[in-house]
**Q** 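Below is a structure I'd like to ask you about.
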Amino acid sequence: MSSSKPVAILGATGQLGSDIVRAAAAASVEHAALGHDEVDVTDFPSLERAFSRLQPSVVVNSAAFHQVDRCEEDPAEAYRVNAVGALLVARAARTAGARCVYVSTDYVFDGKREAGSAYDEDDPVAPLNVYGASKAAGEQLVAQALEDHLVVRVSSLFGVAGARGKGGNFIETILKKAREGGPLKVVNDQWMTPTSTADAGAAIIRLATGDARGVVHVTNPEQCTWHAFASEAVALAGLTVPVEAVPAATFPSKVRRPRNSALDTGRLSKLLGAPLPRWRDALRAYLAAKGHLN
Ligand SMILES: NC(=O)c1ccc[n+]([C@@H]2O[C@H](COP(=O)([O-])OP(=O)(O)OC[C@H]3O[C@@H](n4cnc5c(N)ncnc54)[C@H](OP(=O)(O)O)[C@@H]3O)[C@@H](O)[C@H]2O)c1
């Protein structure tokens, strides 16, 4: 066991957090996994206590309140966790002499770009909903609190743990419905870049332990619609249920969502020396890990 300063990982029991922890272990990077029961990002003394004990070199904050509908209903809580919490983590990191990595989202963009194009890190943010606005505020507060910071934007996560560690995500929902015989109606006019938390976790550990600063988009390359993503999962799992393509307007919602929030990953490829696997390959690896392939 090396005696270097650890990477402290907040939100460590979450879908992405648990894969960041796994990636750190796989790369033999000294780390400390901090769950919500140990550290609350909205509780500055709990952060100070943890960091003064651990003396981390880097703090990776993947904790969030990210249910988009609930954020809209409870904006105070969204800002408390995603913006003020991000600031408190960055301040506590600064006090401990650590750098800070904040996990953000494609929902900071308004999604008005034409299909086929993707947002790069220098595009201006213009969130459409409370969740996106609270995360954009988090990005700005982290940057304001600590020069040595990195914002990593991920999108449309799929990982073995599932959101909040309970096995749920879009792919699991689709496969469950398909196994029940359908019907499956999936949106075909919203574009995004799916992100495997296994791939993103490994990339985030490499970036966190390097010296990249500013903003980096961390997703599997190539964009698709939710319909294409679902159809591929159903086909790879060997299911024959039809997947109907429908417009987003089929599912009325009080919350506005970006039409095209695909993220460009050119900067990530340069920093890592190669792109992450394409989302179709990442999806196949995920389905294999979950036992969905025959
Ligand atoms: N899921 C997506 O598709 C998606 C897309 C774009 C960006 N992101 C971003 O990616 C990150 C990870 O998302 P995820 O899907 O891995 O979420 P997740 O599974 O819900 O994990 C979030 C973790 O944060 C913890 N947490 C919540 N409030 C906290 C607090 N006040 N203090 C400390 N920990 C707290 C949760 O613990 P408890 O469950 O015990 O409260 C949970 O373990 C988030 O920053 C999110 O905004 C996610």
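Note that ligands are numbered from 1 as they come in the structure, with each ligand's atoms numbered from 1 the same way.
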**Q** For ligand 1, indicate whether the residue S155 contacts it via side chain, backbone, both or neither (heavy-atom separation under 4.0 Å).
**A** backbone
**Q** Could you tell me whether T13 and ligand 1 have an N or O pair separated by under 3.5 Å?
**A** yes
**Q** Atoms of ligand 1 less than 4.0 Å from A163 heavy atoms?
**A** 19 (O)
**Q** Heavy-atom distance to atom 26 (N) of ligand 1: which of H36, K135, H66 wins?
**A** H36
**Q** For the residue pair S155 and T193, confirm or rule out a side-chain donor-acceptor distance under 3.5 Å.
**A** yes
**Q** When you check the side-chain N and O atoms of Y102 and N82, is any donor under 3.5 Å from an acceptor?
**A** no
**Q** Taking the ring of F229 and the ring of F170, is the distance between their centroids below 6.0 Å?
**A** yes
**Q** I'd like to know if R284 pairs up with D281 as an ion pair, taking the criterion as any Lys NZ or Arg NE/NH1/NH2 lying under 4.0 Å from an Asp or Glu carboxylate oxygen.
**A** no
**Q** Distance alone, cut at 3.5 Å: any donor-acceptor contact between the side chains of H149 and Q144?
**A** no
**Q** Compute the shortest N/O to N/O distance between G17 and ligand 1 and return yes if it is under 3.5 Å, no if not.
**A** no
**Q** Nearest non-hydrogen atom to atom 24 (O) of ligand 1 belongs to which of A200, A63, G168?
**A** A63
**Q** Has ligand 1 got any nitrogen or oxygen that is less than 3.5 angstrom from a nitrogen or oxygen of Y131?
**A** yes
**Q** Counting both backbone and side chain atoms, is some N or O of V41 under 3.5 Å from an N or O of ligand 1?
**A** yes
**Q** What I want to find out is whether E180 reaches K176 closely enough, with some N-O distance under 4.0 Å, to be called a salt bridge.
**A** yes
**Q** Please state which part of S156 comes within less than 4.0 Å of ligand 1, counting heavy atoms only: side chain, backbone, both or neither.
**A** backbone
**Q** If the cut-off is 4.0 Å to any non-hydrogen atom of D40, which atoms of ligand 1 fall inside it?
**A** 30 (C), 31 (N), 32 (N), 33 (C)
**Q** Report the part of S104 (side chain from C-beta onward, or backbone N, CA, C, O) that has a heavy atom under 4.0 Å from ligand 1; answer both or neither where that applies.
**A** backbone
**Q** Under 4.0 Å from a heavy atom of V39: give me the atoms of ligand 1 that qualify, with their elements.
**A** 32 (N), 33 (C)
**Q** Identify, by atom number and element, the atoms of ligand 1 in contact range of V154, meaning under 4.0 Å from any of its heavy atoms.
**A** 6 (C), 7 (C), 8 (N), 10 (O)
**Q** Just jot down the ligand 1 atoms closer than 4.0 angstrom to any heavy atom of T105, in number order.
**A** 6 (C), 7 (C)
**Q** In this structure, would L141 and F44 fall into the same cluster of hydrophobic residues linked by side-chain contacts under 4.5 Å?
**A** no
**Q** For residues 213-224, which side-chain donor-acceptor pairs fall under 3.5 Å, sequence neighbours excluded?
**A**
residue : atom : partner : partner atom : Å
R213    : NE   : D148    : OD1          : 3.2
H217    : ND1  : Y119    : O            : 3.2
H217    : ND1  : D264    : O            : 3.2
H217    : NE2  : R153    : NH1          : 2.9
N220    : OD1  : S196    : N            : 2.7
N220    : ND2  : D199    : OD2          : 2.9
N220    : ND2  : P277    : O            : 2.8
Q223    : OE1  : G116    : N            : 3.3
Q223    : NE2  : S117    : O            : 3.3

**Q** Please list, one pair per line, the donor and acceptor atoms closer than 3.5 Å that link side chains of residues 65-76 to other protein atoms, with sequence neighbours excluded.
**A**
residue : atom : partner : partner atom : Å
E72     : OE1  : V130    : N            : 3.0
D74     : OD1  : E77     : N            : 3.3

**Q** Are I9 and V39 linked, directly or through other ILVMFWY residues, by side chains that come within less than 4.5 angstrom of each other?
**A** no
**Q** Could you say whether the N/O atoms of L16 and ligand 1 ever approach to under 3.5 Å?
**A** yes
